[in-house]
Amino acid sequence: MNYEEDLYKEIILENYRSKKNKGAIEGASFHAEGANPSCGDDLELFLSVNNGVIERITYDGIGCSICCAGANLLCEALTGRSFEEALGIVAQFKGMLLEEQEPDFDDAISDLEAMQGVKKYPVRIKCALLAWNTVEGILNDAK
Amino acid sequence: MNYEEDLYKEIILENYRSKKNKGAIEGASFHAEGANPSCGDDLELFLSVNNGVIERITYDGIGCSICCAGANLLCEALTGRSFEEALGIVAQFKGMLLEEQEPDFDDAISDLEAMQGVKKYPVRIKCALLAWNTVEGILNDAK
Amino acid sequence: MRSSVSVDKTLTRSGLDIAKIREDFPNLGRSMRGKSFVYLDNGATSLKPRQVIESEVRYYEEYCANIHRGVYEFSEIATEEYDSIRAKVAHFIGAPADGHVIFTRGTTESVNVVMNGWGRKNIGAGDVILISEIEHHANYVTWQQLAQEKGARLEFIPALPDGSFDLNNLDALFDMPVKFVAVTAMSNVTGYKPDLKTIIDTAHRHGVPVLVDAAQYASHHTVNVAELDCDFLCFSGHKMCGPTGIGVLYGRESLLEEMDPFMYGGDMVVRVKRDTSSFKPLPERFEAGTPNIAGVMGLGAAVDYLQGIGMEAIAEHEQHLIEYTLMRAAEFPDLISYGPADHSSRGAIFSFNLGDVHSHDVGSILDQEGIAVRTGFHCAQPIMRLFGIPGTVRASMYLYNDIDDIDMLFTGLDKVRGIFNR
Amino acid sequence: MRSSVSVDKTLTRSGLDIAKIREDFPNLGRSMRGKSFVYLDNGATSLKPRQVIESEVRYYEEYCANIHRGVYEFSEIATEEYDSIRAKVAHFIGAPADGHVIFTRGTTESVNVVMNGWGRKNIGAGDVILISEIEHHANYVTWQQLAQEKGARLEFIPALPDGSFDLNNLDALFDMPVKFVAVTAMSNVTGYKPDLKTIIDTAHRHGVPVLVDAAQYASHHTVNVAELDCDFLCFSGHKMCGPTGIGVLYGRESLLEEMDPFMYGGDMVVRVKRDTSSFKPLPERFEAGTPNIAGVMGLGAAVDYLQGIGMEAIAEHEQHLIEYTLMRAAEFPDLISYGPADHSSRGAIFSFNLGDVHSHDVGSILDQEGIAVRTGFHCAQPIMRLFGIPGTVRASMYLYNDIDDIDMLFTGLDKVRGIFNR
Ligand SMILES: Cc1ncc(COP(=O)(O)O)c(C=O)c1O
Ligand SMILES: Cc1ncc(COP(=O)(O)O)c(C=O)c1O
């Protein structure tokens, strides 16, 4: 087990550093906050939705690399999805980290599999999932 | 070390059983209460004093054998004494149990030496001294 | 010396192998005042098995770290252990969720957490707090002081001369403006176990919550708070083979949710602003500051230990001991024993006086014979007033006691009589 | 691996033989994540020396009994030990009498005992409670909640950007209706040690009592409450080589005497009547119920251990460590360290951030290298607001840390930069 390859692999660091989906959306259709107080992770999610489709999704706030990478991957994966599709991806992502499910994402979002290594570091799982749990709340409330 | 000879010797049990000095004095010149709550010792002392001399002294209440024997011995030893003499005897008795003092009581009150064995049983010392500390309070306040 | 022909005595009805159990307790191998040690003061605190001591040592030696705070392995292990023991305790008492189990220093703190958090908020002038005269001071003085503070009234479930309850007119008590009931599950003086179910059901019919002081009960019996339907349950680790300094408060979720925290500090807040703070959910809200982590580890080991032996078997074994004790007591005409004659409503606590010998003298002579009992009022002055006595000698038993211990107690009492009847 | 050519590094200026001291701590021989273990989270809790662990085991194995209650030998021994440790602690902090030392679960409970007993009685609407923004939540939220409850106001000793105090206009603060001052002796974030003497003397000139939170201070420095002239002093055993679940509240006699008890129960009452009770004198009045007896035994052993080594030598050794740490930190241009630049007012706590790497990542990578530090806001959100940051990485040292530990920390930080600068 090598944490540099599991936790701090290139693709995670890239997603962590990416500013593409960072920042607020003015007049967002949905907005929610999520925090892991004991870790110092504190995020906001913004969704603009049109005709039941997530047109744009961004995050803002402070979090560790795993948390931010998880948030950026989420934004990438859920853009252009319907709520139904989005919930499916969330379920698959959480299943990968919380249960024994082998991930089997569409090619377009296969980057999500990069987070599988987090599973070996139980305390970091909640970092990886912060954005995902937050969006799940939004999607379920909106149903 | 044999507790039957130190603690429960005949002379202590006799003093414990003696009812001679037990009971209240109506219209006593002095009266005080003393208790060791954790042991269940709870005594009252009554003194009738005339011309600076203790004419009669009694105790009442509940206490273990060591406590009651100590009280009865006190009544015997202090009857007929001036406050000055009484305080001297109290000091000598406490010195015997609390310090390294070898007892050297007058023949008339040499029974007090029977209590010396209590010294080997530290938790019982406060039983033996309950009446003595109480009378010391009375005598000092009256000075 | 402990007799060696006691096979049939140690293999009791309950099927427990007491001789083997005794090997787990390092204290039992020792001598006191030069005599082999007989421990009959379990009502005050229990001895600790090796397994419990070792679990504390393991925490200190192997993964000593604070919980809920570290990003490193040892802190993670400590946190996981701590949380898993909360789950274990919740399971042990049949609590519906882990979050309803709060770790305290002991029964006394548990009762005070409820007095402060629920009592101070809900009890006012003219209200009645219903307790009993057989309560330990922890479950008496606490409510008495709240009543004083608030101008409320303390009232009592009627007690019979033997210290048991008369529940015939229980319902009528609730004609008074009763706001809270606090009652023991087992008297630490007589071992009497009230019919809690009736008390709780009656109180609930009148919408009144009930706190159960299980300090003496939980160590000897299976507890199921869901079945019992009590609102609060309090007990102490040190009386159930666990360490000192750790105890439990179980609370019904809806009541815990409305309670003020007992203490403020780290680990119980989410966000601290200049003038306000928001608090964590249950149970953290009630566990400010660094808890007794090693104590929790030890408590977990104690629960494992007791469950490994079986609470039913322990209760049965002790039932056997108290029956034997009361049978032997009947041989002493000058022995006055306190508590209900009906064995089935009694735990293994034997309170008595020997003629007019003061309890302190009895205890002191037994001590010289290597036998540990407690004397005095046992932090329960109200029941002493009920009995009209200043104190008792109390022999209280636990799973490792056997018939030999009881026989030695009575041999000791013979000695007392020998001395005082000289 | 720990380097073996470190003789000159472990024999520090203070003359302490750190290699020998390290042998007393079983944890230090262990490995974490497969690396040799470096413990730099002493601000959260300290490791425990063998001597402390053994003293608890000895109590459990040899004379396990409740205190103040038994008439038998083991209970007498336990009671004597317990009382003698109170005297030992009183001596350790220079308290004028044993009765002014109250055993609690830890600093958090100590502060809450004062808030409840003194604060609730003496602080009312419009009054000011003077604290600081560098307080730990235990000494912040507690007073904040009291202020909320009473309609009182929380005000702060002014803090400079580095987290130290500006005491120039201290006197003028008392133009406000200040009723109580609560202040830390050493920040758990920066190690800053305020000039307590000035604060206490000024407060006293205005007739205001001062509580000192010595949770971080007492483990590393000689404390003398008589010289300091503080009114209350709070600290925790677990941060000073002692067990979890035990702490101390020192109080000035006249203030303790007027305080309401925090908890009610056994061992703190003299007489319980139907509707009223009379309470025991100090300190028992504040120690209801069975205390953490084993914890007290361990605390006694911890005091012996620390005194055997010498508090002055410990403080000097740590001064050396923090100076070395800050010197090495200067090599990292992207490292931002928090706290006053003046070493002489700082204990051995090193809080920092590395560029814009989140503290959790730093801590996590250090963990993988076997190094235990703490990350986040350290139960001190107000000082984080002052610094304008969400958290820090904190390395906090103790007597068994050496230069090697610091070097390994910086090697770990190199690793962090390597990963994040790829
Ligand atoms: C300065 C300070 N005060 C108070 C506390 C609280 O101490 P405890 O958690 O032992 O109650 C701590 C430790 O976390 C601290 O560092
Ligand atoms: C019935 C009962 N309630 C409460 C207590 C108080 O328990 P603790 O001293 O562990 O807080 C005891 C034990 O002394 C007890 O026997």
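Each chain gets a letter, A, B and so on, in the order the sequences are listed, and its residues count up from 1.
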Rounded distance (nearest 0.5 Å) linking atom CG of D/Asp41 with atom CZ of C/Phe74: 12.5 Å
Separation between OH of D/Tyr72 and CZ of C/Arg374, rounded to the nearest 0.5 Å: 8.5 Å
Contact class of C/Met384 relative to chain D, heavy atoms under 4.5 angstrom: neither
Interface moiety of D/Thr104 toward chain C, non-hydrogen atoms closer than 4.5 Å: backbone
Heavy-atom pair of closest approach, residues C/Asn116 and D/Arg120: OD1-NH1, 4.1 Å
Option in D/Ser236, D/Pro261, D/Ala44, D/Ser359 with maximal non-hydrogen atom pairs under 4.5 Å from chain C: D/Ala44
side-chain hydrogen bond (donor to acceptor under 3.5 Å, both in side chains) against C/Ser46, all qualifying residues, sequence neighbours excluded: none
Heavy-atom pairs under 4.5 Å with chain D, option from C/Gly247, C/Gly106, C/Ser277 with the top count: C/Ser277
Shortest non-hydrogen contact from C/Arg105 toward D/Pro291: CD-CA, 4.4 Å
Sidechain-backbone polar pair: D/Asn112 side chain, C/Met263 backbone, donor-acceptor under 3.5 Å: no
Validation row: C/Gln144, D/Tyr264 side chains within 4.5 angstrom (heavy atoms): no
Gap between atom CG of C/Asn66 and atom NZ of D/Lys239 - 0.5 Å precision: 6.5 Å
Portion of D/Val269 that has a non-hydrogen atom of chain C nearer than 4.5 angstrom: side chain
Atom pair CG (C/Asp275) and CD (D/Gln145), whose distance is rounded to the nearest 0.5 Å: 10.5 Å
For chain D, the option from C/Phe262, C/Tyr140, C/Phe25 that forms the most heavy-atom pairs under 4.5 Å: C/Phe262
Nearest non-hydrogen partners of C/Arg274 and D/Leu154, listed with the distance: NH2-O, 3.1 Å
Greatest number of heavy atom pairs closer than 4.5 Å to chain C - which of D/Arg385, D/Gln148, D/Glu62: D/Glu62
Any side-chain heavy-atom pair of D/Thr108 and C/Thr290 under 4.5 Å: no
Contact winner vs chain C - D/Met268, D/Lys273, D/Glu54, D/His360, heavy-atom pairs under 4.5 Å: D/Lys273
Close approach to chain C in residues 376-383 of chain D, criterion heavy atom under 4.5 Å: D/Cys379, D/Gln381, D/Pro382
Options D/Ser364, D/Pro243, D/Ala147, D/Gly295, ranked by heavy-atom pairs under 4.5 Å with chain C, top entry: D/Pro243
Contact leader toward chain C among D/Val272, D/Thr142, D/Val52, where contacts are heavy-atom pairs under 4.5 Å: D/Val272
For chain D, the option from C/Asn139, C/Leu47, C/Thr45, C/Thr276 that forms the most heavy-atom pairs under 4.5 Å: C/Thr276
Contact winner vs chain D - C/Glu109, C/Glu56, C/His136, C/Arg50, heavy-atom pairs under 4.5 Å: C/Glu109
Rounded distance (nearest 0.5 Å) linking atom SG of C/Cys64 with atom OH of D/Tyr39: 6.0 Å
Polar side-chain atom of D/Arg30 near backbone of C/Tyr63 as donor-acceptor pair, under 3.5 Å: no
Polar side-chain atom of D/Tyr60 near backbone of C/Asn27 as donor-acceptor pair, under 3.5 Å: no
Contact check, side chains of D/Val57 and C/Val57, non-hydrogen atoms, under 4.5 Å: yes
Chain C contacts, top residue of D/Lys48, D/Glu133, D/Met115 (heavy-atom pairs, under 4.5 Å): D/Lys48
Region of D/Ile53 that comes under 4.5 Å of a non-hydrogen atom in chain C: side chain
Chain D interface, residue from C/Ala372, C/Ala288, C/Ala65 that has the most non-hydrogen pairs under 4.5 Å: C/Ala372
D/His137 versus C/Gly266, closest heavy-atom pair with distance: CB-N, 3.9 Å
Short side-chain to backbone donor-acceptor contact, C/Glu73 and D/Arg33, under 3.5 Å: yes
Interchain contact, C/Phe279 with chain D, by part (heavy-atom threshold 4.5 Å): side chain
Validation row: C/Glu76, D/Asp367 side chains within 4.5 angstrom (heavy atoms): yes
